[in-house]
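Okay, structure first, notes after.
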Amino acid sequence: MTAGIGHNRPPESANAWARHCWTRARAELVGERMPIEMVRTRMARARELGLSFPQYRSILLGGGRDVTAFLFTCEGLHLKLRRELEMPAPVREKLAGIVRTDLVALSPSGGVPEAFRAELSAVAGRDFRAAGAEPEVHASWSEQRRAVRDLIGAAKLPAQSVVMIGQGRDIGWAEAAQLVRFIPREDYFEAC
C-alpha cells in the first residue's frame, strides 16, 4: 500500500533520492533545536491529554498533527461487562482530566453501540462523542479497517490524529485503520 499525499511516513520502498528528500524535509521540519516556548507548549498539551511528553512527541512526529480523539476499546478502559458497566476510579479520574480532545469507543461485539455510548458516558462522567461495534474476533483485515474507519468517519475525525487505547489484540485494529498511534492501556492508565 502506498502512502497518500501529505503523509509523514518515510518512503517504504523508495529509491535513494526519495529517501534523501524525505530525510532532508524531515530535518527542516524538526530543525536542530526547538524554541523553549514550543517545548513548554507541547509539554502542557501532553499533560492535557494524559500522555508523557515522549509519547506525545512521538505522535506529533509520526502523524504530523495534534491528537483530536482517543478511541478506547472496552479492554482499554478496564471495563467490567456485567449487568452494568463498572469503571475503576483512577480511569474515571484520568478521563476527567482530558481536555480539548474527543472521546470515542468501540462497543462489545453484539451490543448496541448507541446504548453502550450512553451508558459509558454516564459511568465515565464524560461525554463520549460516538461508539461503534468492535470488529468480530475472526474478522478479516478489511472488516477490521471498516469497523474502526466507520466509527471515526461517523464522528468526523481524521484517522491521522486519532490515538487508540486498548489491549494486545486491539493493535491490529489501529494498524488496519491507519490510526496515528496505538497505546497499550497499561502505558496510558499506569495506576490501574
Side-chain angles (χ1 to χ4, degrees), residues 1-73 75-77 91 94-95 97-106 128-130 141 144-145 147-153 155-192:
M1 171 177 275
T2 59
I5 294 173
H7 74 86
N8 288 328
R9 296 185 194 103
E12 292 150 359
S13 60
N15 60 31
W17 177 248
R19 283 192 304 273
H20 165 75
C21 290
W22 183 87
T23 303
R24 185 168 179 168
R26 181 88 170 179
E28 289 174 6
L29 173 69
V30 175
E32 289 185 32
R33 294 183 185 258
M34 185 178 296
I36 191 70
E37 298 81 21
M38 180 66 75
V39 172
R40 287 181 182 141
T41 301
R42 289 185 176 179
M43 290 177 79
R45 180 64 176 146
R47 281 191 300 275
E48 289 178 353
L49 295 169
L51 296 169
S52 68
F53 182 70
Q55 286 174 324
Y56 183 63
R57 183 174 173 268
S58 172
I59 290 167
L60 286 178
L61 291 175
R65 300 175 75 166
D66 191 23
V67 176
T68 59
F70 284 114
L71 169 59
F72 293 95
T73 63
E75 291 84 8
L77 286 170
V91 171
K94 180 125 182 184
L95 292 177
I98 297 172
V99 296
R100 297 186 299 135
T101 302
D102 288 316
L103 305 178
V104 293
L106 289 169
F128 275 71
R129 183 172 177 178
W141 184 87
Q144 292 175 22
R145 176 183 169 92
V148 176
R149 284 289 183 132
D150 286 351
L151 169 59
I152 60 176
K156 296 183 173 130
L157 298 166
Q160 303 83 3
S161 62
V162 175
V163 174
M164 180 182 275
I165 311 295
Q167 196 173 1
R169 68 179 172 97
D170 307 335
I171 192 170
W173 300 343
E175 290 172 351
Q178 296 178 318
L179 302 181
V180 67
R181 183 79 64 232
F182 174 86
I183 299 176
R185 74 177 189 182
E186 295 80 21
D187 293 347
Y188 188 72
F189 296 110
E190 296 172 17
C192 301

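From a predicted model like this one, the values you see are computed outputs, not experimental measurements. Keep in mind that the numbers below use all heavy atoms, side chains included, and drop hydrogens, waters and symmetry copies.
- Partners of Glu75 by side chain to side chain donor-acceptor pair (under 3.5 Å), not counting sequence neighbours, listed by chain and number: Arg169.
- Taking every heavy atom of both residues into account, Ala155 and Val104 meet most closely at CB-CG1, 4.2 Å.
- Asp187 is linked by a side chain to side chain contact (heavy atoms under 4.5 Å, CB included) to Gln55, Ile183, Pro184, counting only residues two or more places apart in sequence or in another chain.
- Not one N or O on the side chain of Asp150 forms a donor-acceptor pair closer than 3.5 Å with the backbone of Ala147.
- In terms of modelled atom types and a separation under 3.5 Å, the side chain of Thr41 and the main chain of Glu37 share a donor-acceptor contact.
- Minimum heavy-atom separation, Arg185 to Gly76: CB-O, 3.5 Å.
- Smallest separation of non-hydrogen atoms from Arg145 and Ala177: CG-CA, 4.2 Å.
- Partners of Ile171 by side chain to side chain contact (heavy atoms under 4.5 Å, CB included), not counting sequence neighbours, listed by chain and number: Glu175, Phe182.
- With sequence neighbours excluded, the residues that form a salt bridge (charged side-chain N to carboxylate O under 4.0 Å, His left out) with Arg100 are Glu48.
- The two atoms that bring Lys94 and Gly50 nearest to each other are NZ-O, 2.9 Å, heavy atoms only.
- The line from CZ of Arg181 to CG of Leu60 is 9.5 Å long, rounded to the nearest 0.5 Å.
- Legend: residues meeting side chain to side chain donor-acceptor pair (under 3.5 Å) with Asp66, ordered by chain and number and at least two apart, are Arg45, Tyr56.
- Separating the CG atom in Leu51 from the CZ atom in Arg42 is a distance of 13.5 Å, to the nearest 0.5 Å.
- For the atom pair Leu179 CG and Ile59 CD1, the distance stands at 11.0 Å (nearest 0.5 Å).
- For the pair Phe70/Leu49, a side-chain contact is recorded, criterion being any heavy-atom separation below 4.5 Å from C-beta on.
- Shortest non-hydrogen contact noted between Ala69 and Leu157 is CB-CD1, 3.4 Å.
- Taking the side chain as every heavy atom from C-beta outward, Leu71 and Trp173 never approach each other to under 4.5 Å.
- A 4.5 Å side-chain heavy-atom check between Asp102 and Thr68 finds every atom pair outside the cut-off.
- Interatomic distance, CZ of Phe72 versus OH of Tyr188, reported as 5.0 Å (0.5 Å rounding).
- For Arg47, the side chain to side chain donor-acceptor pair (under 3.5 Å) criterion is met by no residue, not counting sequence neighbours.
- Side-chain contact check for Val67 versus Val180: every heavy-atom pair is 4.5 Å or farther apart.
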